[in-house]
Undergrad: 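Have a look at the structure that comes next, please.
Read the numbers this way: they start at 1 and go in the same order the structure lists the ligands and their atoms. Since the model is a prediction, treat every value here as computed from it, not as a measurement.
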Amino acid sequence: MRVIDREEVARKLTYEVCIPLVRQAMIAFSRGETRQLLRSIIPLADGRMFGIMPGALGERAVFGAKLISVFPDNFSKGLQSHQGVVVLFDGETGVPVCVAHAGEITAIRTAAASAVATDALARPAASRLAVLGYGEQAATHIRAIAQVRRLSRVSVWGRDPGRAAAFAERMGAETGVATVAAKDVETCVAEAEIVCTVTNAREPILLGRWILPGAHLNLVGSSYAGPTEVDHDVVTVSRFIADSREGVLAQGAEFLKAREAGLVGDDHVVGEIGQVLAGDIPGRQSPDQITVYKSLGHVVQDLAAVKALYDAK
Ligand code: NDP
């Protein structure tokens, strides 16, 4: 059995490779060509979790599962918050052929999925990016979004101003894009045409009234029916696109809480990003429309990435 470690994933799963893979995987997902179960989560102590995500890329194609632990407190220890493996099985023989480092794959494929959504939904000339959070996903999102839009400015916000400033300096040096730390969330998003929320916040940190008309938002940090990084207004004012409609109706916390408050119905989730990419539903409908991509993360993204690494030998 082949083992693909963290270093190999980081070296070979570039955004140039991963963005088109995720794009195709999400189109296949929305066409019903892939199979997957809703993610199961076993809660552990202190807000930690163990997630089990099985899926198949097609009837006779590869299948497998991601087994992933989420330990939010790992951030303060300098460890990845997501740890685990993606196991790939051969679709013809049923033989498990590959085990790959799930933490690194998750970091890259999640940002690649947001880049795919940004490319489809943000205004073509959007150049000012705001990122809430300065953890692993914050870094991968800046790298990935830079692949689909010509960025002129990045603003970042996090709870610790010193860490936010250090992160901004590091990312600015890496990307060559002017990157600044904002003093609060409102300032961070004030001029942003693209916003990514990538924190562990449990209660809203981003309010809809702060968002610029025409902005595109990737809501990423909450991946189960619990924490919400944004208030109801973000949901109600936006054209709301899901990675998976079924997933968001079951586990998309921001949407579920707005629905619970009686502000929106299920039809507010207008469709999936795969449908937009396939041209089956419209994406952005006007320059001033606010668009949201709600990311929960899906195993087809992980399997497509590992299959490509496995096939590349
Ligand atoms: P990290 O642990 O690397 O970073 C977490 C970030 O959240 C840090 O900036 C941390 O900074 C900040 N944070 C923690 N608590 C709060 C709070 N209450 N308010 C504001 N900021 C807070 O995690 P990742 O970057 O790997 O993941 C970020 C989020 O994205 C997680 O919630 C994760 O579960 C989710 N995720 C979603 C995926 C998807 O497919 N949708 C896939 C992978 C991750 P500080 O503590 O200093 O404030």
Undergrad: Heavy atoms under 4.0 Å from ligand 1: which residues qualify?
TA: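 Answer by chain and number: Phe75, Ser81, His82, Thr106, Arg109, Thr110, Gly133, Tyr134, Gly135, Glu136, Gln137, Trp157, Arg159, Val198, Thr199, Asn200, Ala201, Val220, Gly221, Ser223, Ser295, Leu296, Gly297.
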Undergrad: Would you list the pairs meeting side chain to side chain donor-acceptor pair (under 3.5 Å) in which at least one residue belongs to residues 111-127, sequence neighbours left out?
TA: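 Listed once each, the pairs are Ser114-His141, Thr118-Asn218, Asp119-Arg149, Ser127-Ser152.
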Undergrad: Tyr293 and His216: aromatic ring centres closer than 6.0 Å?
TA: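 When the ring centroids of Tyr293 and His216 are compared, they turn out to be at least 6.0 Å apart.
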Undergrad: Could you name each residue pair satisfying salt bridge (charged side-chain N to carboxylate O under 4.0 Å, His left out) that touches residues 213-236, not counting sequence neighbours?
TA: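 Qualifying pairs: none.
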Undergrad: Please list, chain by chain and in numerical order, all residues satisfying side chain to side chain contact (heavy atoms under 4.5 Å, CB included) with Val3, sequence neighbours excluded.
TA: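 Residues passing side chain to side chain contact (heavy atoms under 4.5 Å, CB included) with Val3: none at all.
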Undergrad: Can you tell me if Arg35 uses its side chain to pair, donor with acceptor, with the backbone of Gly58 under 3.5 Å?
TA: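 No.
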Undergrad: Just wondering, more than 12 heavy atoms not from Glu169 lying within 6.0 Å of its CD?
TA: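 It does not: Glu169 CD has 12 such atoms or fewer within range.
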